[in-house]
There are 2 protein chains.
Amino acid sequence: MELKPLEALKLWHDVVLDTVRRDVPDLSARQLAILLTVYLESPPHTVRGLAAKLKVSKPAITRALDTMGQKDLLKRKRDETDKRNVLVQRTVNGSVYLSELADTIIARAQEHSSS
Amino acid sequence: MELKPLEALKLWHDVVLDTVRRDVPDLSARQLAILLTVYLESPPHTVRGLAAKLKVSKPAITRALDTMGQKDLLKRKRDETDKRNVLVQRTVNGSVYLSELADTIIARAQEHSSS
DNA sequence: CCCAACCGTTTCGGAGCCGATTTAGTCTAA
DNA sequence: TTAGACTAAATCGGCTCCGAAACGGTTGGG
């Protein structure tokens, strides 16, 4: 995939504009980073691990999991082999959300390549 | 530019992760949308126009201009032909910021195309 | 001349997120 | 068995942002 600076920014502009406009559900950059990490990288995903990866505090991860859990984009599960850990797992709803995001990105990317 | 769903999400993941980690300067999705609109679309840009485009309230735009003005990413200018209007204009600093964002996107995109 | 319409900003109460610290539960090694 | 290490979650005060409504300044038509 080759991309020139102006094309890259236009792509970013269109997609960000889309996500801002359809206000439901509005995820912060941090929340989106968590969601994408859980769905794209290999498990297991713990609070501590995510905090280290994003370089933010653990409570920030816990709160993000709370809000995203309410929206059913992600779910918690106790690690039965070590009950101190919480494993972050995917949901059907979260898959749908990211699938739609991917569709948006692809659609916008094609618009720019054709122009 | 052709892009498969998984590649699109990986690209988004990497870039979002980059922006979350280097916390300075941290722009919300809304602020980034404003910044990109001002730099990519043809002027003039007014508060009212930006609010309509992003589908958010006018005070939200005013506040975003305050914070981004402090960071010297954007500047206000009174419209001399109609002093009710405020024109949003670009700055050198803002150009640099977006240029670096474009570099990040392009670098990540190339990584994925080579893999 | 004036008043209605328009502009961006400010005020207001409410909601959400922040990091640091504390709490409660679990595991492990001596 | 027990003390200490380690986990995630709960608490705390402080900060930022939110939209609705109110506000002052500007414009243009009647």
Side-chain angles (χ1 to χ4, degrees), chain A residues 16-17 19-38 43-91, chain B residues 16-17 19-35 37-38 43-90:
Chain A
V16 169
L17 215 54
T19 62
V20 168
R21 277 201 269 235
R22 54 175 169 103
D23 45 5
V24 180
D26 51 342
L27 299 184
S28 70
R30 207 171 275 196
Q31 292 168 336
L32 184 58
I34 294 172
L35 191 65
L36 284 166
T37 298
V38 170
H45 299 287
T46 64
V47 172
R48 182 171 190 75
L50 290 170
K53 178 172 280 291
L54 303 193
K55 291 184 180 175
V56 299
S57 66
K58 285 188 296 176
I61 301 292
T62 294
R63 282 186 294 259
L65 295 183
D66 288 342
T67 63
M68 298 178 88
Q70 268 186 333
K71 299 170 195 258
D72 194 30
L73 296 173
L74 232 43
K75 64 181 176 187
R76 287 179 169 98
K77 186 176 191 311
R78 274 282 165 198
D79 182 353
E80 289 303 326
T81 70
D82 185 342
K83 292 184 180 173
R84 288 174 300 183
N85 290 329
V86 162
L87 305 178
V88 184
Q89 298 187 319
R90 308 168 191 178
T91 64
Chain B
V16 169
L17 215 54
T19 61
V20 167
R21 279 200 268 236
R22 55 177 169 101
D23 45 4
V24 180
D26 51 341
L27 297 185
S28 69
R30 209 173 272 197
Q31 292 170 335
L32 185 58
I34 294 172
L35 191 64
T37 298
V38 170
H45 300 286
T46 64
V47 172
R48 182 170 193 76
L50 290 170
K53 178 172 280 291
L54 303 195
K55 291 185 180 174
V56 299
S57 65
K58 284 188 297 175
I61 301 293
T62 294
R63 282 185 291 259
L65 294 183
D66 288 344
T67 62
M68 298 180 86
Q70 268 186 332
K71 300 171 195 253
D72 194 30
L73 298 173
L74 232 42
K75 64 181 175 186
R76 288 179 168 96
K77 186 177 192 309
R78 275 283 163 197
D79 182 352
E80 289 302 327
T81 69
D82 185 343
K83 293 184 180 173
R84 289 174 299 183
N85 291 330
V86 162
L87 305 178
V88 183
Q89 298 187 320
R90 308 167 191 178

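Residue numbers start from 1 in every chain, and the chains themselves are labelled A, B, ... in the order their sequence lines are given, proteins ahead of strands.
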Find the distance [X]:[atom1] to [N]:[atom2] and express it as a whole number of Å.
X: Arg76(B); N: dT9(C); atom1: CZ; atom2: P; result: 4 Å
X: Gln70(B); N: dC17(D); atom1: CD; atom2: C1'; result: 14 Å
X: Leu65(A); N: dT7(D); atom1: CG; atom2: P; result: 16 Å
X: Asp79(A); N: dT7(D); atom1: CG; atom2: C1'; result: 11 Å
X: Glu80(B); N: dT26(D); atom1: CD; atom2: C1'; result: 12 Å
X: Leu50(A); N: dA9(D); atom1: CG; atom2: P; result: 11 Å
X: Arg48(A); N: dA5(D); atom1: CZ; atom2: C1'; result: 11 Å
X: His45(B); N: dC7(C); atom1: NE2; atom2: P; result: 17 Å

Have a look at [X] and say if it touches a base, only the backbone sugar-phosphate, or nothing, with a 4.0 Å heavy-atom cut-off.
X: Arg63(A); answer: base
X: Lys58(A); answer: base
X: Asp82(A); answer: sugar-phosphate
X: Arg78(B); answer: nothing

The answer to which of Pro59(B) and Thr67(B) contacts DNA chain D further toward the 5' end, by nearest nucleotide, is Thr67(B)
Do Arg78(A) and Val86(A) come close enough that some side-chain heavy atom pair is under 4.5 Å? yes
Non-hydrogen side-chain atoms of His45(A) and Gln89(A) separated by less than 4.5 Å: no
Between dT27(D), dG19(D), dA8(D), spot the one nearest the side chain of Thr46(A), thanks. dA8(D)
Between dT10(C), dG19(D), dC7(C), which nucleotide gets closest to the side-chain atoms of Thr62(B)? dT10(C)
